[in-house]
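Computed from a prediction, not measured in an experiment: that's the story for all the values here. Values below: every heavy atom of this structure, side chains too, minus hydrogens, waters and symmetry copies.
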Amino acid sequence: MEIHFAPIQGHTDAIYRAAFRKFFGGLDSFYTPFVRVERGVIRNKDLRELESGIGEGLDLIPQIIAGSAEEFRFLVNAVSRYGYRHIDVNMGCPFPLITGSGRGAGILAKPDKVKEVLDCVAEFPEIEFSLKVRVGYDSVEQLFALMPYLNTLPLRHLTVHPRTAKQQYKGEVYIDEFAKIYDCCTLALIYNGDLKSVTDIKRIVELFPNLKGVMIGRGLLENPMLAEGYMSGMALDIQEFRSRVQKFHALLLDEYSAVLQGERQLLTKMQTIWEYLRIPDADERCLKKMRKCTSLPKYLGLVGEYLK
């Protein structure tokens, strides 16, 4: 039973991943936030992310997002130059700026485009590919209609988030639709979506016992001990959790201080951690002040108070 850390733009960069590995466990792999083409080139921050991830080991999987065969080839060639031999293809991003350009989950409404892009997998026999999708762009039937084609591809695994792109992260997941995919899929299958507790993971594994694994994003940002809690079967120790989060935060502060320019930039970056991360039974009023704080020394004082 594998547990994968989903990539989340603005959060799971190389510094975050390194700190996470140091203090938390239970994971089989991490993914980079997706690499994309803008105005004919790859963004510099994506290239820096690929380069900084080289030393992270075999559990780091770069993710790409493409809307055409040309973009796919360009991105695969660029990523593989850094030595990566497993690449994840994103056809699941739900954000309108991405889907409106025919990328991410937006491509699922155009089956011919899906095939144009994924037919290119055969051109790179030296690379292992995996695929992340939603059940559709604006209809839950779109992925199901593509399954006979996807089953013919030599994919390492298929990750499915059972919402449409139009839902983004709102509303119920379509478990019945995922069950249809599960029943007809001949690929190794990974479930993604709304896994925020050990109970959530257990429920999905019980419903779908032949899964290769699960992918978790926001749930791990909220509780970094979630994966190891599931794997160990042990209840969350609040004091242990608080202690590890203190060390995790301190390391992130040191590492981001070395690469970011000025107090304001550093403060803004550190505040993103608390968009999701929670300490059970801690003072929520203090958390709100941390998010709105405009002074780094004041922010650090509030963090100390929140984590005491």
Query - side-chain hydrogen bond (donor to acceptor under 3.5 Å, both in side chains) between Asp119 and Tyr149, intermediate numbers included - result: CA-CA 10 Å; Asp119 278 351; Tyr149 167 71; 2.7 Å; yes

Do the side chain of [X] and the main chain of [Y] share a donor and acceptor less than 3.5 angstrom apart?
X      : Y      : value
Tyr16  : Ile273 : no
Gln63  : Tyr31  : no
Gln271 : Met290 : yes
Arg43  : Val35  : no
Asp283 : Glu305 : no
Lys196 : Ile216 : no
Tyr84  : Leu50  : yes

For a 4.5 angstrom cut-off between non-hydrogen side-chain atoms, does [X] reach [Y]?
X      : Y      : answer
Leu131 : Leu158 : yes
Tyr182 : Asn210 : yes
Val76  : Arg73  : no
Val160 : Leu189 : yes
Glu2   : Ser29  : no
Cys185 : Asn151 : yes
Lys247 : Ser243 : yes
Leu155 : Val89  : no

Would you mind checking if [Y] and [X] are paired as a salt bridge, meaning a charged N to carboxylate O distance below 4.0 Å?
X      : Y      : result
Lys113 : Glu116 : yes
Arg163 : Asp194 : yes
Arg17  : Glu49  : yes

Requested in this report: I would like to know whether Asn192 and Thr159 meet side-chain hydrogen bond (donor to acceptor under 3.5 Å, both in side chains); could you show each step before the answer?
Outcome: CA-CA 7 Å; Asn192 169 236; Thr159 302; over 6 Å; no

Query raised in the report: Once you round to the nearest 0.5 Å, how far does CG of Leu187 lie from CD1 of Ile190?
Result: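 It is 11.0 Å, given to the nearest 0.5 Å.
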
**Report entry** CG on Leu252 to CG on Asp13, rounded to 0.5 Å
**Finding:**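 Those atoms lie 8.5 Å apart.
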
Which heavy atom of [X] sits nearest a heavy atom of [Y], and at what distance?
X      : Y      : value
Ala66  : Glu71  : CA-OE1, 3.4 Å
Pro33  : Ile8   : CG-O, 4.1 Å
Leu195 : Val214 : CD1-CB, 3.6 Å
Cys93  : Ile65  : CB-CD1, 4.1 Å
Leu266 : Leu296 : CD2-CD2, 3.8 Å
Glu141 : Glu177 : OE2-OE1, 3.8 Å

Requested in this report: Verify side chain to side chain contact (heavy atoms under 4.5 Å, CB included) between Tyr174 and Gln167, making sure each step is shown before the conclusion.
Outcome: CA-CA 11 Å; Tyr174 287 99; Gln167 288 178 277; 3.1 Å; yes

If you count the non-hydrogen atoms of other residues, nucleotides and ligands that lie under 6.0 Å from [atom1] in [X], is the total more than 12?
X      : atom1 : value
Met1   : CE    : yes
Glu172 : CD    : no
Glu123 : CD    : yes
Asp281 : CG    : no
Gln9   : CD    : yes
Lys212 : NZ    : yes
Lys180 : NZ    : yes

[X] vs [Y] aromatic rings, parallel, tilted or perpendicular, using cut-offs 30° and 60°?
X      : Y      : answer
Trp274 : His249 : tilted
Tyr191 : Phe208 : parallel
Tyr276 : His11  : perpendicular
Phe129 : Phe72  : tilted

Query raised in the report: Does the side chain of Ser197 pick up a donor-acceptor pair with the side chain of Asp200 at under 3.5 Å?
Result: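 Distance-only check passes for Ser197 and Asp200.
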
**Report entry** Stepwise side chain to side chain contact (heavy atoms under 4.5 Å, CB included) check, Arg134 with Leu143
**Finding:** CA-CA 7 Å; Arg134 290 201 166 212; Leu143 177 60; over 6 Å; no

Decide whether [X] and [Y] are clustered together by the hydrophobic rule: side chain heavy atoms of Ile, Leu, Val, Met, Phe, Trp, Tyr closer than 4.5 Å, transitively.
X      : Y      : value
Ile98  : Leu75  : no
Leu47  : Val259 : yes
Phe95  : Val135 : no
Phe74  : Tyr82  : yes
Met234 : Met225 : no

Query raised in the report: Less than 6.0 Å separating the ring centroids of Phe23 and Phe241?
Result: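 Ring-ring flag for Phe23/Phe241: false, centres at least 6.0 Å apart.
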
Query raised in the report: Quick one: does NZ or CZ of Arg264 land under 6.0 Å from the six-membered ring centre of Tyr299, within 45 degrees of the ring axis?
Result: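 Cation-pi check for Arg264 and Tyr299: fails.
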
Report task. Assess Arg103 against Phe34: is NZ or CZ under 6.0 Å from the centre of the six-membered ring, and within 45 degrees of the ring's axis? Result ->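 Verdict for Phe34: no cation-pi partner in Arg103.
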
**Report entry** Given Arg21, His4, His86, the one that forms side chain to side chain donor-acceptor pair (under 3.5 Å) with Asp59
**Finding:**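 For Asp59, the side chain to side chain donor-acceptor pair (under 3.5 Å) check succeeds only for Arg21.
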
Report task. For the pair Phe178 and Val173, evaluate side chain to side chain contact (heavy atoms under 4.5 Å, CB included) and give the outcome as yes or no after the intermediate values. Result -> CA-CA 9 Å; Phe178 184 85; Val173 295; over 6 Å; no

Query raised in the report: Can you list the steps and then say if Phe124 with Asn77 is a side chain to side chain contact (heavy atoms under 4.5 Å, CB included)?
Result: CA-CA 9 Å; Phe124 300 91; Asn77 282 320; 3.5 Å; yes

Query - Derivation and outcome, side-chain hydrogen bond (donor to acceptor under 3.5 Å, both in side chains), residues Asp88 and Ser130 - result: CA-CA 5 Å; Asp88 192 62; Ser130 53; 2.5 Å; yes

Report task. Output, in order, the C-alpha distance, side-chain angles, deciding distance and verdict of salt bridge (Lys or Arg N to Asp or Glu O under 4.0 Å) for Lys288 and Glu284. Result -> CA-CA 6 Å; Lys288 290 178 182 178; Glu284 288 293 309; over 6 Å; no

